[in-house]
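First the structure, in the form of structure tokens, and then the observations on it.
Keep in mind the model is a prediction, meaning the values are calculated, not measured. Residue numbers begin at 1 in each chain, while the letters A, B, ... track the order of the sequences.
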2 protein chains.
Amino acid sequence: MKIPEATVLRLSIYSRYLKQLWEKGVTNVSSGEIAEGVNGTSAQVRKDLAYFGEFGTRGVGYKVRILDKQITEILGINNEWEVVIVGAGNLGSALTHYKGFKERRFNIQAVFDNDENKIGSKINDVLVYSITDMDNFIKENDIQIGIVAVPATYAQGVVDILIKAGIKSILNFAPTVISVPEHVEHRSVDLVVNLEVLTYNLVNKK
Amino acid sequence: MKIPEATVLRLSIYSRYLKQLWEKGVTNVSSGEIAEGVNGTSAQVRKDLAYFGEFGTRGVGYKVRILDKQITEILGINNEWEVVIVGAGNLGSALTHYKGFKERRFNIQAVFDNDENKIGSKINDVLVYSITDMDNFIKENDIQIGIVAVPATYAQGVVDILIKAGIKSILNFAPTVISVPEHVEHRSVDLVVNLEVLTYNLVNKK
DNA sequence: GACTGTGAAGCCATTCACAGCT
DNA sequence: AGCTGTGAATGGCTTCACAGTC
């Protein structure tokens, strides 16, 4: 069955919220309570979950721990993922430090850059390699995800190397549209575009 | 008329692409060419633009410069916007260095943090202030946009201060759902959620 | 009584296909 | 002939409302 992308996105948010609840000692939860926690609606929570099975009990609700485990499995984050970051500039460095990745079991295995002064140094205990080593590293360490944090002009070149090396997914932070073949998954996080949607809404005070 | 959010998002991307074309010396462009440049379809480009007026010439196409000017105006980025960043950690620091903001005339006027060691220092020529000064600063300098780059646990607290100070829009990077009143615009950029959509698609090899 | 699961309805966005202009 | 602008058709997502279960 075709699952809306928006549903997948929300599942990730539900999962994080459920973890929070569990840490607070909450063991049972209703779709309405989840909805409240994530600024959604109870019908949507139920519909999102219903795509994948029946995880709750009618009249009762959901068990926090079990539901989170189910979602975690759906999202494919019950096991670990090996990640590399391309670009050791400010953004690449910040992403390498970002604690949220390790918490969700995304392991940053290497950073790549073309700046001689950075190669060989460490960022948050992760070694910085030359871009020329990237192809080899990805193949030898079975890296599945590449995060692109280089200037727009270099982005497509970097992406091409990642793809040739057999990467499966790309998360692009460069402010440009990148081209990837069918079989490679990719998403772009565009900081300026996000700001410009805000200004649009301000100017056209919706 | 109600404009799809996806349309606004794409307008920002068209604008960047048009600027690129102009710098390459291209003066005229068709909807098909724009579509190719941004991985879209020509019908969608035309429909997106048609929401706002008739900017092209039938049988001919669009004038690059003029079209970009129109889009720029629609997005409200023909004038400058004053921005503050909350959080002087790795992410806040990277955002303060980010060149893409200034290029699009978003001016970062201040960074706020609660770490005594950071207050008074400069990040990329921008002064770091105490969070306790934030309310005042926003009011006195007529700041319209606040970027939140603090840990999840502090995010809502920071957001509340921003709102009380009269901020109009918030771009949130904290990995948590934030609550804001109706009249304040906000968007969240969630790094982990983006990665988890990738893993979902890998595991469920769509 | 409370809450889930779900078909149906409603709403929104994208794509189609063609009339209209140059 | 080439390309825009746009109503109509399609497809996809969200909301509604209620039957089913505890």
Which residues pass the salt bridge (charged side-chain N to carboxylate O under 4.0 Å, His left out) test with A:R58, not counting sequence neighbours?
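A:R58 satisfies salt bridge (charged side-chain N to carboxylate O under 4.0 Å, His left out) with no residue once adjacent residues are dropped.
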My understanding is that only residues two or more places apart in sequence, or in another chain, count here; which of them pass salt bridge (charged side-chain N to carboxylate O under 4.0 Å, His left out) with A:K19?
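With neighbours one apart ignored, the set is A:D68.
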Specify the separation, in whole Å, of atom [atom1] of [X] and atom [atom2] of [N].
{"X": "B:L49", "N": "D:dT4", "atom1": "CG", "atom2": "C1'", "answer": "10 Å"}
{"X": "B:I3", "N": "C:dT14", "atom1": "CD1", "atom2": "C1'", "answer": "15 Å"}
{"X": "A:K63", "N": "D:dC22", "atom1": "NZ", "atom2": "C1'", "answer": "13 Å"}
{"X": "A:E5", "N": "D:dG11", "atom1": "CD", "atom2": "C1'", "answer": "16 Å"}
{"X": "B:F52", "N": "D:dG5", "atom1": "CZ", "atom2": "C1'", "answer": "15 Å"}
{"X": "B:K2", "N": "C:dT14", "atom1": "NZ", "atom2": "P", "answer": "10 Å"}
{"X": "B:F55", "N": "D:dC3", "atom1": "CZ", "atom2": "C1'", "answer": "17 Å"}

Would you kindly say whether A:S12 and A:R104 are connected by a side-chain donor-acceptor distance under 3.5 Å?
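There is no such pair (donor and acceptor under 3.5 Å, judged by atom type) between the side chains of A:S12 and A:R104.
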Has A:Y62 got a side-chain N or O lying under 4.0 Å from the OP1 or OP2 atom of C:dG5?
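Yes, A:Y62 has a side-chain N/O under 4.0 Å of OP1/OP2 on C:dG5.
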N or O in side chain of A:Y51 less than 4.0 angstrom from D:dG12 OP1/OP2:
no
Does anything in residues 10-44 of chain A reach DNA chain D, meaning a heavy atom under 4.0 Å, and if so which residues?
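The stretch gives A:R10, A:T41, A:Q44 as the residues lying under 4.0 Å from the strand, ordered by number.
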Starting at the 5' end of DNA chain D and moving along, which residue's nearest nucleotide shows up first, B:G53 or A:V60?
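Upstream on the strand: B:G53.
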If the condition is ring pair (Phe, Tyr, Trp, His ring centres under 6.0 Å), which residues does B:Y17 pass it with, not counting sequence neighbours?
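Partners of B:Y17 by the ring pair (Phe, Tyr, Trp, His ring centres under 6.0 Å) criterion come out as none, since no residue qualifies.
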Using the side-chain hydrogen bond (donor to acceptor under 3.5 Å, both in side chains) rule, collect all pairs that involve [range], keeping only residues at least two apart or in two chains.
{"range": "residues 124-135 of chain A", "result": "A:S130-A:T132, A:D135-A:K139"}
{"range": "residues 168-182 of chain A", "result": "A:N172-A:S188"}
{"range": "residues 148-167 of chain B", "result": "B:Q156-B:D160"}

Going by ring pair (Phe, Tyr, Trp, His ring centres under 6.0 Å), name the pairs with one or both residues in residues 160-198 of chain B, residues two or more places apart or in two chains.
none
Using a cut-off of under 3.5 Å, enumerate the N/O to N/O pairs linking the protein to nucleotides 7-11 of chain C.
residue	atom	partner	partner atom	Å
C:dG7	O6	A:K47	NZ	3.4

Sequence neighbours excluded and cut-off under 3.5 Å, please list the side-chain donor-acceptor pairs for residues 75-86 of chain B, or say none.
residue	atom	partner	partner atom	Å
B:E80	OE1	B:N107	ND2	2.7
B:W81	NE1	B:G76	O	2.6
B:E82	OE1	B:Q109	NE2	2.4

Under 3.5 Å, side-chain donor or acceptor atoms of residues 29-36 of chain A against the rest of the protein: list the pairs with distances, not counting sequence neighbours.
residue	atom	partner	partner atom	Å
A:S30	OG	A:G32	N	3.4
A:S30	OG	A:E33	N	3.2
A:S31	OG	A:R46	NH1	3.2
A:E33	OE1	A:S30	N	2.9

Polar atoms only, N or O, under 3.5 Å: list the protein pairs with nucleotides 18-20 of chain D and their distances.
residue	atom	partner	partner atom	Å
D:dG20	O4'	A:R58	NH1	3.3
D:dG20	N3	A:R58	NH1	3.3

Using a strict threshold of under 4.0 Å (side-chain N to carboxylate O), is an ion pair present between A:R187 and A:E5?
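Yes, charged N to carboxylate O under 4.0 Å.
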